[in-house]
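Everything on this sheet refers to the single structure shown next.
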Amino acid sequence: MKNIPVCILCGGTGTRMKEQTEFIPKPMVPVGGQPMVMHIMRYYAHFGFRKFILALGYKQEAFKEYFFHLDLVRSDTLIQYGSQTHLTYECKPLGWEVVLAD
């Protein structure tokens, strides 16, 4: 049963939260420093679900950018500047599979 993906609808414009959603979609509004959608996904992950389908629409590029950089955001980061810039980060994997569906 836990192999079944959880589908989360993320395509609304969030008109009632206009001050917050002018530049980002409603599920990406930060709550406690993280997007609302991450809290929803963590709730399902607590019960063993690891596959998610985010049905995107409005301002979907915000989701794609956030999830593309998620490991970097969640990790301790070391940047060494010199003749060649070097970036090192270490992150505990979530073990999730996330489909960003247009």
Side-chain angles (χ1 to χ4, degrees):
M1 188 82 173
K2 306 281 167 109
N3 252 353
I4 297 173
V6 175
C7 184
I8 302 173
L9 304 177
C10 301
T13 57
T15 55
R16 289 177 285 179
M17 296 177 68
K18 187 170 179 135
E19 296 81 26
Q20 297 291 321
T21 59
E22 187 173 351
F23 301 107
I24 58 172
K26 182 170 58 176
M28 294 299 290
V29 170
V31 175
Q34 292 189 337
M36 200 180 321
V37 72
M38 285 298 289
H39 293 284
I40 295 167
M41 294 167 73
R42 261 204 195 90
Y43 180 79
Y44 280 100
H46 174 75
F47 294 101
F49 292 94
R50 298 285 181 255
K51 294 182 179 183
F52 300 94
I53 299 172
L54 303 184
L56 307 179
Y58 180 70
K59 298 190 179 181
Q60 61 183 280
E61 61 280 349
F63 291 92
K64 293 177 180 179
E65 185 171 329
Y66 178 81
F67 283 98
F68 182 77
H69 294 99
L70 183 60
D71 280 346
L72 184 60
V73 171
R74 293 183 56 245
S75 65
D76 294 332
T77 307
L78 170 66
I79 303 173
Q80 295 175 328
Y81 295 102
S83 59
Q84 291 184 334
T85 301
H86 182 71
L87 173 67
T88 305
Y89 64 94
E90 185 175 327
C91 183
K92 294 179 183 174
L94 291 170
W96 296 354
E97 177 183 307
V98 181
V99 175
L100 303 172
D102 182 7

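Being a predicted model, the structure only gives us computed values, none of them experimental.
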(request) Check the hydrophobic clustering (I, L, V, M, F, W, Y; side-chain heavy atoms under 4.5 Å; chains of links allowed) and say if Leu70 and Met41 are grouped together. (result) yes

(request) Answer yes if Ile53 and Leu100 sit in the same cluster of Ile, Leu, Val, Met, Phe, Trp and Tyr residues linked by side chain heavy atoms under 4.5 Å apart, and no otherwise. (result) no

(message) Taking Ala45's backbone N and O only, do any of them form a donor-acceptor pair with Arg50's side chain (distance below 3.5 Å, no angle check)?
(response) yes

(message) Is the shortest side-chain heavy-atom distance between Lys59 and Met28 below 4.5 Å?
(response) no

(request) Kindly write out the residues that satisfy side chain to side chain donor-acceptor pair (under 3.5 Å) with Lys51, not counting sequence neighbours, or none if the list is empty. (result) none

(message) Are more than 12 heavy atoms, taken from residues, nucleotides or ligands other than Tyr66, located less than 6.0 Å from that residue's OH atom?
(response) yes

(request) Report, as yes or no, whether the 6.0 Å neighbourhood of atom CD on Glu65 holds more than 12 heavy atoms from other residues, nucleotides or ligands. (result) no

(request) I would like to know whether Leu54 and Ile8 meet side chain to side chain contact (heavy atoms under 4.5 Å, CB included); could you show each step before the answer? (result) CA-CA 5 Å; Leu54 303 184; Ile8 302 173; 3.8 Å; yes

(request) State which residues pass ring-ring contact (aromatic ring centres under 6.0 Å, His included) with Phe68; sequence neighbours excluded, sorted by chain then number. (result) none

Compare every heavy atom of [Y] with every heavy atom of [X], then report the nearest pair and how far apart it is.
X	Y	value
Ile24	Val29	CD1-CA, 3.8 Å
Met36	Lys26	CE-O, 3.5 Å
His39	Val31	NE2-O, 2.7 Å

(request) Sort out for me which residue in Trp96, Phe67, Phe63, Tyr43 forms a ring pair (Phe, Tyr, Trp, His ring centres under 6.0 Å) with Phe52. (result) Trp96

